[in-house]
Every structure is written in structure tokens, then in C-alpha cells.
Amino acid sequence: MTTEGAASGSSAQSGEPRQVPLLNIANVLTVSRLALVPVFLVALLWEDGHQPLWRWAAVVVFLVAAITDRIDGELARKRGLITDFGKIADPIADKALTGAALIGLSVVGDLPWWVTLLIIARELFVTLLRFWVIRHGVIPASRGGKLKTLLQAIAITAYLVPLGGLIEPVRWIVMGAAVLVTVVTGVDYVVQAVRLRARGRRTTATRS
């Protein structure tokens with residue numbers, strides 16, 4: 001057995017946790033998604049946002065960034081590449097991409113501002129909720145939250161593609177569903193946060 005192998009074996013036998021390097025493929029993809037946000041905005045807002053070629057470029061950049069979201073999460077879980085940096089950077093990258101797309105679409109006049117402000121306000125509120133109860137526990141991502149993310153991505157893509165009024169009904173239906181799920185899951189997070197905080201307080205009181 002080599003010295004390196006012996007060291008590895010002794011580490012495994014001692015039960016020491018494996019150190020996950022900060023520079024790994026999952027984190028690289030997360031940072032890449034953040035880096036694509038300004039590129040996406042430039043493509044979306046170029047020539048007032050209504051030049052078909054640049055709109056298709058924005059669609060491609062958005063889809064590439066959205067796909068990295070799915071890939072980096074799976075890689076982190078399957079290969080054991082979960083890091084504290086990833087836990088913080090991944091949701092920031094997601095919200096940055098979605099927020100940039102919504103704001104950009106509202107700036108060019110394709111999406112009502114109330115939709116953008118409602119979704120962004122919900123995301124910020126849920127983030128604050130998580131920090132509010134973090135010492136009592138973590139609110140896990142729910143199926144509703146994952147559905148919300150999927151619907152938002154589909155709706156944004158539908159608004160980005162320069163097909164004019166041909167898909168206007170589809171845009172409204174999917175975005176309407178996304179807004180509805182966004183609000184419902186936001187309320188659900190409030191309920192979960194209140195319950196988690198109350199349970200944490202009872203546990204603290206019992207111990208004292």
C-alpha cells in the first residue's frame with residue numbers, strides 16, 4: 001500500500017469528514033451562472049430589446065444558465081461536492097438570473113411591472129424568513145417551490161422568444177400559473193417559518 005493510500009485508509013477508518021474543495025465543478029457552474037447574468041441583460045436590452053437576433057441570443061443565454069442550475073445541484077449531491085459557499089451562492093445565482101430576466105422584460109415593456117415586483121418581493125421575503133428562523137432550523141425546499149421555479153423559467157422563456165402575438169395566450173397562462181404558485185408557496189413558507197420558530201422556542205424553554 002502506498003503512503004497516500006495508507007493515509008486515505010486511516011482517514012476513512014478514523015471517521016474524519018472528507019474535505020470538499022471550494023474549487024469544484026458544482027461551484028464553478030454556479031459562478032458561471034452568475035457571470036452569465038450581465039451577458040443575458042446586454043443581449044435582452046440591446047437595441048431597446050426588440051431586435052429578434054438579440055432576443056434569440058438572450059433566450060439561449062437564459063436557457064444555458066437555467067440548465068447549469070439543474071446540473072450543479074445534481075453534481076453537488078451525487079459527488080458529495082456540497083460546500084457552504086455553494087449553499088449561499090446557488091440560491092443567489094438563481095434569484096439573480098430570474099430577477100434580471102423579469103426586470104429586463106418589464107424595462108422593454110413586455111411584462112407588467114406588478115408581476116415583476118410581486119415575484120421579486122416574494123423571493124426577498126422568503127429569504128428574510130429563512131434568516132429569521134435559521135437558528136431554529138432550516139425550511140426545506142418543497143415540491144411547490146420546485147414547481148414555482150420551473151413555471152417561472154418556462155414563463156420567462158415564453159416572454160423572451162420573439163414570436164410576437166402568436167404565443168401571447170400561452171405567455172399569460174404560464175405566467176399566471178407561475179404567479180399563483182409563487183404566492184401560494186410564499187404563504188406556505190410563512191406558515192412553516194412560524195411553526196418552526198414556535199417549536200424551537202418550546203424546545204428552548206423546555207431545556208431551560
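Numbering of residues begins at 1 and proceeds along the displayed sequence. Just so you know, these numbers use all the heavy atoms, side chains as well, and skip hydrogens, waters and symmetry mates.
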Original post:
Would you call Val61 and Trp56 a side-chain contact if the rule is heavy atoms closer than 4.5 Å?
Top reply: no
**OP:** May I ask you to test the Trp114-Ile119 pair for a side-chain heavy-atom distance under 4.5 Å?
**Re:** no
Original post:
Heavy-atom distance under 4.5 Å between the side chains of Phe125 and Val190, does that happen here?
Top reply: yes
Subject >> Test item: Asp110 and Arg55 side chains (from C-beta on) under 4.5 Å apart, heavy atoms >> reply: yes
**OP:** Please check if the side chain of Thr68 supplies one atom and the backbone of Ala65 the other of a donor-acceptor pair under 3.5 Å.
**Re:** yes
**OP:** Evaluate the side-chain proximity of Leu36 to Leu97: yes if any heavy-atom separation is below 4.5 Å, no if none is.
**Re:** no
Identify each donor-acceptor pair in which a side-chain atom of residues 157-167 lies under 3.5 Å from a protein atom, sequence neighbours left out, and give them as a table.
residue : atom : partner : partner atom : Å
Thr157  : OG1  : Ala153  : O            : 2.8

Subject >> Residues Asp188, Lys148: salt bridge by 4.0 Å N-O rule >> reply: no
Original post:
For the atom pair OH (Tyr189) and OG1 (Thr127), what is the distance rounded to the nearest 0.5 Å?
Top reply: 9.5 Å
Original post:
Among Leu118, Leu124, Leu117, whose side chain to side chain contact (heavy atoms under 4.5 Å, CB included) with Ile120 holds?
Top reply: Leu124
Original post:
Hey, are the side chains of Leu45 and Val108 touching, using non-hydrogen atoms and a 4.5 Å cut-off?
Top reply: yes
Original post:
Does Thr149 reach the side chain of Asp94, with side-chain heavy atoms less than 4.5 Å apart?
Top reply: no
Original post:
With side chains defined as the heavy atoms from C-beta onward, is the minimum distance between Thr116 and Leu111 less than 4.5 Å?
Top reply: yes
